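Keep in mind it's a predicted model, so treat the numbers as computed, not measured. First listed ligand is number 1; within each ligand, the first listed atom is number 1.
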Amino acid sequence: MWTVEMHGVCKHYQLDQITVPALQDVALAIRPGGFTVLAGPSGSGKTTLLNLIGGVDRPDAGSILVAGQDIVHLGDDALSDFRARHIGFIFQNFNLLPVLSAYENVEYPLILNRVPAPERKGRVMELLDAVGLSDKARNRPGQLSGGQRQRVAIARALAHRPSLVLADEPTANLDSQTGAAILALLRDLQRQYQLTVVFSSHDPQVIAAADDRYQVRDGRVSYQRQIEKEIA
Ligand code: ADP
Ligand code: ADP
């Protein structure tokens with residue numbers, strides 16, 4: 001089981017002569033097996049936060065522990081190994097490879113992780129089945145709807161059996177009905193595979209579906225109780 005812990009995390013970007021503060025003194029703790037949202041408007045720092053948790057980027061200061069492991073002080077190779085083994089990423093724009101079929105998109109991370117071919121096939125078909133797309137295995141992304149593309153992307157994110165799944169605005173490019181279905185699917189898979197899921201959103205309906213919520217505003221992060229859930 002996994003947890004994410006951050007203390008005193010700061011991050012800025014340098015744009016020519018301008019320093020853009022992205023995150024300031026962030027502390028958070030994400031419980032294992034949780035369905036946690038990072039809620040906040042565009043530009044508030046959500047993507048930066050997800051990139052730091054996923055080891056895509058490094059902080060200027062502070063500590064980041066993922067499953068008790070200090071990822072800030074890992075070397076570049078160890079960090080990319082950590083990412084490839086343990087983290088699944090889902091994006092707003094799906095980020096599928098357009099020339100590959102749905103099947104091949106899901107298989108790709110398994111090839112990178114050197115999973116043997118016979119095992120790959122079983123896992124790809126299991127995941128396409130889990131996201132309801134067994135019959136679309138041969139379709140390329142261009143032949144799929146937005147919701148179907150995100151389903152492929154979710155299958156791909158889970159293919160290497162990560163424990164932590166990070167989803168950056170996974171429903172932002174979908175209509176609200178399709179977005180709700182994608183969120184429900186993520187929730188089902190989170191329970192089925194006992195994943196820790198952290199996703200970002202600026203949509204109140206999506207935010208309300210989470211168990212735990214961190215509010216991100218101008219690079220500052222605070223824990224918020226999920227009031228809607230408690231009433232429901
Ligand atoms: P969100 O995901 O909530 O939209 P981001 O983490 O993308 O927020 O951005 C946080 C802040 O950092 C914003 O002010 C944004 O303009 C800035 N920022 C993000 N990425 C870069 C970058 N590569 N270079 C310069 N500024 C950036
Ligand atoms: P190998 O025989 O080399 O192990 P596979 O049988 O796993 O290869 O698959 C070879 C290619 O055939 C895959 O990259 C994929 O594009 C396609 N493929 C395999 N199984 C399916 C399937 N059930 N549905 C759609 N395409 C498939």
Side-chain angles (χ1 to χ4, degrees), residues 4-30 34-66 71-72 74 76 79-80 82-83 87-96 146 149-150 153-154 156-157 162 164-176 178-180 182-183 186-187 190 195-226 228:
V4 180
E5 276 184 66
M6 283 193 172
H7 299 283
V9 167
C10 297
K11 176 74 185 173
H12 78 277
Y13 296 101
Q14 199 68 41
L15 263 183
D16 300 323
Q17 307 299 329
I18 306 162
T19 298
V20 182
L23 292 174
Q24 296 179 61
D25 196 22
V26 172
L28 53 71
I30 290 167
F35 198 62
T36 300
V37 69
L38 307 177
S42 180
S44 58
K46 304 181 300 297
T47 300
T48 303
L49 197 48
L50 286 170
N51 285 344
L52 292 177
I53 295 171
V56 176
D57 209 346
R58 293 175 185 276
D60 304 327
S63 65
I64 305 174
L65 301 179
V66 180
I71 63 164
V72 174
L74 285 181
D76 287 347
L79 190 61
S80 67
F82 160 85
R83 269 198 316 267
I87 312 240
F89 291 97
I90 297 165
F91 307 92
Q92 175 174 346
N93 297 318
F94 323 128
N95 287 12
L96 299 174
R149 288 181 207 182
Q150 194 61 302
I154 290 170
R156 176 185 58 183
L164 176 61
V165 173
L166 305 176
D168 196 357
E169 300 257 9
T171 62
N173 279 342
L174 304 172
D175 64 76
S176 60
T178 306
I182 288 295
L183 205 66
L186 264 181
R187 164 65 96 180
Q190 180 248 332
L195 306 168
T196 302
V197 174
V198 184
F199 62 101
S200 65
S201 181
H202 60 263
D203 177 342
Q205 251 185 304
V206 174
I207 292 165
D211 297 330
D212 292 309
R213 166 177 170 189
Y214 281 94
Q215 188 70 41
V216 188
R217 191 168 286 130
D218 296 332
R220 297 192 177 270
V221 177
S222 57
Y223 185 73
Q224 300 265 310
R225 297 182 70 185
Q226 275 293 58
E228 296 90 334

**Request:** Output the set of protein residues with a heavy-atom contact under 4.0 Å to ligand 1, ordered first by chain identifier and then by residue number.
**Result:** Tyr13, Leu15, Val20, Ala22, Pro41, Ser42, Gly43, Ser44, Gly45, Lys46, Thr47, Thr48

**Message:** Show every side chain to side chain donor-acceptor pair (under 3.5 Å) that has at least one partner inside residues 38-47, sequence neighbours left out.
**Reply:** Thr47-Asp168

**Flag for Gln205-Ser176: side-chain donor and acceptor within less than 3.5 Å** = no

**Item:** Residues forming a salt bridge (charged side-chain N to carboxylate O under 4.0 Å, His left out) with Asp203, sequence neighbours excluded
**Value:** none

**Pairing residues for Arg220 by the side-chain hydrogen bond (donor to acceptor under 3.5 Å, both in side chains) criterion, not counting sequence neighbours** = Gln24

**For Met6, the option from Leu49, Leu65, Val72, Leu23 that meets side chain to side chain contact (heavy atoms under 4.5 Å, CB included)** = Leu49

**Message:** For Asp175 and Thr178, which I'm curious about, is there any donor-acceptor pair between the side chains at under 3.5 Å?
**Reply:** yes

